[in-house]
Structure formats: structure tokens, C-alpha cells
S.K.: 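Here it is, the structure in full.
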Amino acid sequence: MAAPTNTFKQALKRGDRLIGCWMSFAESNTAEIMGTTGFDWLVIDGEHAPNDIRSIRDQLMALAASPSHAVVRVPVGETWIIKTVLDAGAQTVLVPIVESAEQARELVRACQYPPHGARGVGATAARAAMFGTVSEYIPTADREICLLVQVENRAGIDALDDILRVEGVDGVFIGPADLSTDMGFQGNSAAPEVRAVIADAITRIRAAGKAPGILGVSEEATQAYLDMGAQFLAVGIDVLILAQNARALSAHWKAK
């Protein structure tokens, strides 16, 4: 039995538009609920949410029966954490703050087994191979791993063309909050100067045959990114969805 087909990676290759959502609660029951909502992909955020490898694993388990594809954002682009989340069953990894082609090449190596990569060969006893039942996991896993790198500062934008030439990078995700702050706009990703950089980056990513992605947290921003040509687009964050709707509900009924 071969490694499971990564339908998210296949859809990116076809050029399909995929709508997703961020998950920041770090709880498996919330992830299971989000898995019923119809999003094409859901991010388990290991960078800014209070996740550890056990909570990431539990959310992967909670989403196993969902049609929504799990994307795990690791806290940092290090081989040790990438191989850990892959062994836990992640097939798509999102890596923050990628600033050079050399860094991107090392991330590709972290996602692949030797002789091409540096991933530790220990999945036989792990969830990735369903504890040894996926008998051909190790020789087939590399082709099903999807690597998404985040370009979210001026250094990354300057190196974007070099990053796009790295074989094994499937998509590039623009981080508007970090990018705008690094450009001197303190999180104001709607600044015209920032929007221009984002639009140019998305165009360059598409032209290189990679998938461009981004997160919008307002309808205006999300529509703008859609119009720019974002292919895998996150349209909200679970914590904000709850908070904003709860606040609106409270305000509505307290005003009666």
C-alpha cells in the first residue's frame, strides 16, 4: 500500500482555487467542528497558536474523516519539527519566514527521505504510515508531501525569484501582516505600497508555475487578494470568527 494521495497538492497543480481557514484554538474538538464547514483546507497553526506536537497530532486525527485538507504550519523551518509533524501524519507543511533559496532547498530536503533529502526514516512505527500498515509508505511518501513556504518580509520578497526556482517548493504564501510591518506600516497590510508588493509577488509566483497563497481577515482584503490571483486563499481565523460573531450577538441583544 502506497502513501495516501495528497489531493490538496494535486489541486494546486491543476490550478484549482482553494478556499481555507486558519485554526488557532489548538483544540481537537474545535478542529473537528471546523472540518464540517466545507473549507477546502484548514491550517493547524504551530507558529502563533498554543500548539505542541500532541495537539497537532490530535487535530490531524480530528480532521482525518473530513474533506478539508489539513495544512500544518510549523513554528520554525527546522528539520526536526518538520519530520516530527510529517511522522504525525501531516502531508502539507507551511513554513514561516523563508528568506532565501538556500533556506528553501533545506526545507525541501527536510520533507524528503534520503538519498535526496534528510527526513529521518522512522515512519514505520508512526501515524504517517498508520503504524506499519501502509507498507510502501517510505518509497512513496516524497511525492505526496506538499511544501508551502511563507515569504513575509523584504528579504523574502528580494529573494522571491530565487526561491521560486527551487524544485520541490509547491507554493508560496505571502504573509501580509509581517510584510507590512517589515515595510514600516505596522500591520497595515491595506497600505497601497504593501498591496502593490503583494500583487507583484502573486503575479511572479503564478508566472513561475507555483501556487500563490495568502490570508485575508476582512472581506475587502480577501476580495482584493482574490482579484490579484491568489490560488489558495484563507478567508478567516476561527478565533476571530467566534469572537466577532459573539460580540455582534451580544451587542445586538443588549441594545434591545
S.K.: For the residue pair Ile237 and Leu215, establish whether any side-chain heavy-atom pair is separated by less than 4.5 Å.
M.R.: yes
S.K.: In plain terms, say whether Arg119 and Asp87 are close enough for a salt bridge, that is, a side-chain N and a carboxylate O under 4.0 Å apart.
M.R.: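 So Arg119 pairs with Asp87 through a salt bridge.
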S.K.: When clusters are formed by joining ILVMFWY residues with side-chain heavy atoms under 4.5 Å apart, either directly or through shared neighbours, do Leu179 and Met228 land in the same one?
M.R.: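 Yes.
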S.K.: Taking all non-hydrogen atoms of both residues, which atom of Ala3 and which atom of Thr140 are closest, and how far apart?
M.R.: N-OG1, 2.8 Å
S.K.: Verify the neighbour count for atom CD of Glu193: are there more than 12 heavy atoms of other residues, nucleotides or ligands below 6.0 Å?
M.R.: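 Enclosed: over 12 neighbouring heavy atoms sit under 6.0 Å from CD of Glu193.
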S.K.: Taking Arg154's backbone N and O only, do any of them form a donor-acceptor pair with Asp182's side chain (distance below 3.5 Å, no angle check)?
M.R.: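 Side chain of Asp182 to backbone of Arg154: a pair is present.
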S.K.: Are the side chains of Leu226 and Arg17 in touch, meaning some heavy atoms are under 4.5 Å apart?
M.R.: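 Yes. Closest side-chain heavy atoms under 4.5 Å.
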S.K.: Quick one, Leu148 and Val95 - any side-chain contact, counting heavy atoms below 4.5 Å?
M.R.: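 A side-chain contact is absent here, since even the closest heavy-atom pair is not under 4.5 Å.
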S.K.: Quick one, Val121 and Pro114 - any side-chain contact, counting heavy atoms below 4.5 Å?
M.R.: yes
S.K.: How far apart are the closest heavy atoms of Val108 and Gly168, and which atoms are they?
M.R.: CG2-C, 3.8 Å
S.K.: Is there side-chain contact between Val98 and Gln150, with heavy atoms separated by less than 4.5 Å?
M.R.: no
S.K.: So how far is it from Tyr137 OH to Glu144 CD, rounded to the nearest 0.5 Å?
M.R.: 9.5 Å
S.K.: Roughly how far, to the nearest 0.5 Å, is CD of Gln91 from SG of Cys111?
M.R.: 11.5 Å
S.K.: Any idea which heavy atoms bring Ala201 and Ile174 closest together, and the distance?
M.R.: CB-CD1, 3.9 Å
S.K.: Kindly say whether Ala155 contributes a backbone atom to a donor-acceptor pair with the side chain of Glu99 at under 3.5 angstrom?
M.R.: no
S.K.: Determine whether a donor-acceptor pair (N or O, by modelled atom type, separation under 3.5 Å) exists between the side chain of Glu32 and the backbone of Leu63.
M.R.: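 No: the side chain of Glu32 does not pair with the backbone of Leu63.
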S.K.: Tell me every residue that passes side-chain contact (heavy atoms from CB on, under 4.5 Å) with Gln244, counting only those two or more places apart in sequence or in another chain.
M.R.: Leu240
S.K.: Is there a donor-acceptor contact under 3.5 Å from the side chain of Ser24 to the main chain of Val239?
M.R.: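 No.
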S.K.: With under 30° as parallel and over 60° as perpendicular, where do the rings of Trp41 and Phe173 fit, or are they tilted in between?
M.R.: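 Rings of Trp41 and Phe173: perpendicular, as their planes differ by over 60°.
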S.K.: When you compare the side chains of Asn51 and Gln59, does any donor N or O come within less than 3.5 Å of an acceptor on the partner?
M.R.: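 There is such a pair (donor and acceptor under 3.5 Å, judged by atom type) between the side chains of Asn51 and Gln59.
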S.K.: Does the side chain of Asp238 pick up a donor-acceptor pair with the side chain of Thr30 at under 3.5 Å?
M.R.: no
S.K.: In chain order, what residues pass the side-chain hydrogen bond (donor to acceptor under 3.5 Å, both in side chains) check against Thr84, with sequence neighbours excluded?
M.R.: none
S.K.: Take Leu12 and Gln231, measure what side chain to side chain contact (heavy atoms under 4.5 Å, CB included) needs, and give me the verdict at the end.
M.R.: CA-CA 8 Å; Leu12 290 184; Gln231 185 182 348; 3.8 Å; yes
S.K.: Say whether Val172 and Val197 are linked into one hydrophobic cluster, either directly or through other cluster members, by side-chain heavy-atom distances under 4.5 angstrom.
M.R.: yes
S.K.: Once rounded to the nearest 0.5 Å, what's the spacing between atom CG of Leu42 and atom CE of Met34?
M.R.: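 Leu42 CG to Met34 CE: 5.5 Å, rounded to 0.5 Å.
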S.K.: Can you tell me how far OG of Ser189 sits from CD1 of Ile198, rounded to the nearest 0.5 angstrom?
M.R.: 6.0 Å
S.K.: Take Arg204 and Asp200 through the salt bridge (Lys or Arg N to Asp or Glu O under 4.0 Å) test and state the conclusion after the steps.
M.R.: CA-CA 6 Å; Arg204 289 154 65 190; Asp200 177 67; 3.0 Å; yes
S.K.: Over all heavy atoms of both residues, which pair between Ile214 and Ala230 is shortest? Give the atoms and the distance, please.
M.R.: CG2-CB, 3.9 Å
S.K.: Any chain of hydrophobic side-chain contacts (each under 4.5 Å) joining Val43 to Val235?
M.R.: no
S.K.: What do the steps show when you test Glu220 against Arg195 for salt bridge (Lys or Arg N to Asp or Glu O under 4.0 Å), and what is the final call?
M.R.: CA-CA 12 Å; Glu220 184 277 330; Arg195 285 279 174 89; 2.9 Å; yes
S.K.: Under the 3.5 angstrom rule, does the side chain of Arg73 hit a backbone N or O of Val93 as a donor-acceptor pair?
M.R.: no
S.K.: More than 12 heavy atoms of other residues, nucleotides or ligands under 6.0 Å from NE2 of His116: is that the case?
M.R.: no
S.K.: Going by distance alone, is a donor N or O of one side chain under 3.5 Å from an acceptor N or O of the other, for Gln10 and Asn6?
M.R.: no
S.K.: Would you compute the distance between atom CG of Leu60 and atom CD1 of Ile44 and round it to the nearest 0.5 angstrom?
M.R.: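 One finds 4.0 Å between CG of Leu60 and CD1 of Ile44.
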S.K.: Please name the pair of heavy atoms, one in Trp22 and one in Ala234, separated by the smallest distance, quoted to 0.1 Å.
M.R.: CE3-CB, 3.8 Å
S.K.: What about Ile53 and Val72, same hydrophobic cluster or not, with Ile/Leu/Val/Met/Phe/Trp/Tyr joined at side-chain heavy-atom distances under 4.5 Å?
M.R.: yes
S.K.: State, yes or no, whether a side-chain contact exists between Asn188 and Val194 at a heavy-atom distance under 4.5 Å.
M.R.: no
S.K.: Taking side chain as C-beta onward, heavy atoms only, is Thr37 less than 4.5 Å from Cys21?
M.R.: no
S.K.: Going through the distances and angles, do Arg14 and Asp16 end up as a salt bridge (Lys or Arg N to Asp or Glu O under 4.0 Å)?
M.R.: CA-CA 6 Å; Arg14 290 195 302 266; Asp16 297 354; 2.7 Å; yes
S.K.: Please report the interatomic distance OG(Ser100) to CD(Glu106), rounded to the nearest 0.5 Å.
M.R.: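 Nearest 0.5 Å value for the OG-CD distance: 9.5 Å.
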S.K.: Which heavy-atom pair separates Met1 from Ser135 by the least distance, and what is that distance?
M.R.: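 Scanning both residues, the minimum pair turns out to be N-OG, 2.9 Å.
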S.K.: Using a distance-only test with no angle check, is there a side-chain donor-acceptor pair under 3.5 angstrom linking His69 and Thr92?
M.R.: yes
S.K.: Is a side-chain N or O of Lys13 found less than 3.5 angstrom from the main chain of Phe8, in a donor-acceptor match?
M.R.: no
S.K.: Keeping the roles fixed (side chain from Ser66, backbone from Ser68), state whether a donor-acceptor pair exists under 3.5 Å.
M.R.: yes
S.K.: May I ask you to decide if Ser28's main-chain N or O and Asp58's side chain share a donor-acceptor pair within less than 3.5 Å?
M.R.: no
S.K.: Report yes if the side chains of Gln112 and Ile145 come closer than 4.5 Å at any heavy-atom pair, otherwise no.
M.R.: no
S.K.: Judged by atom type as modelled, is there a donor-acceptor pair below 3.5 Å linking the side chain of Thr222 to the main-chain atoms of Ser218?
M.R.: yes
S.K.: Quick one: do Met130 and Tyr113 end up in the same hydrophobic cluster if we chain Ile, Leu, Val, Met, Phe, Trp and Tyr together by side-chain heavy atoms under 4.5 Å apart?
M.R.: yes
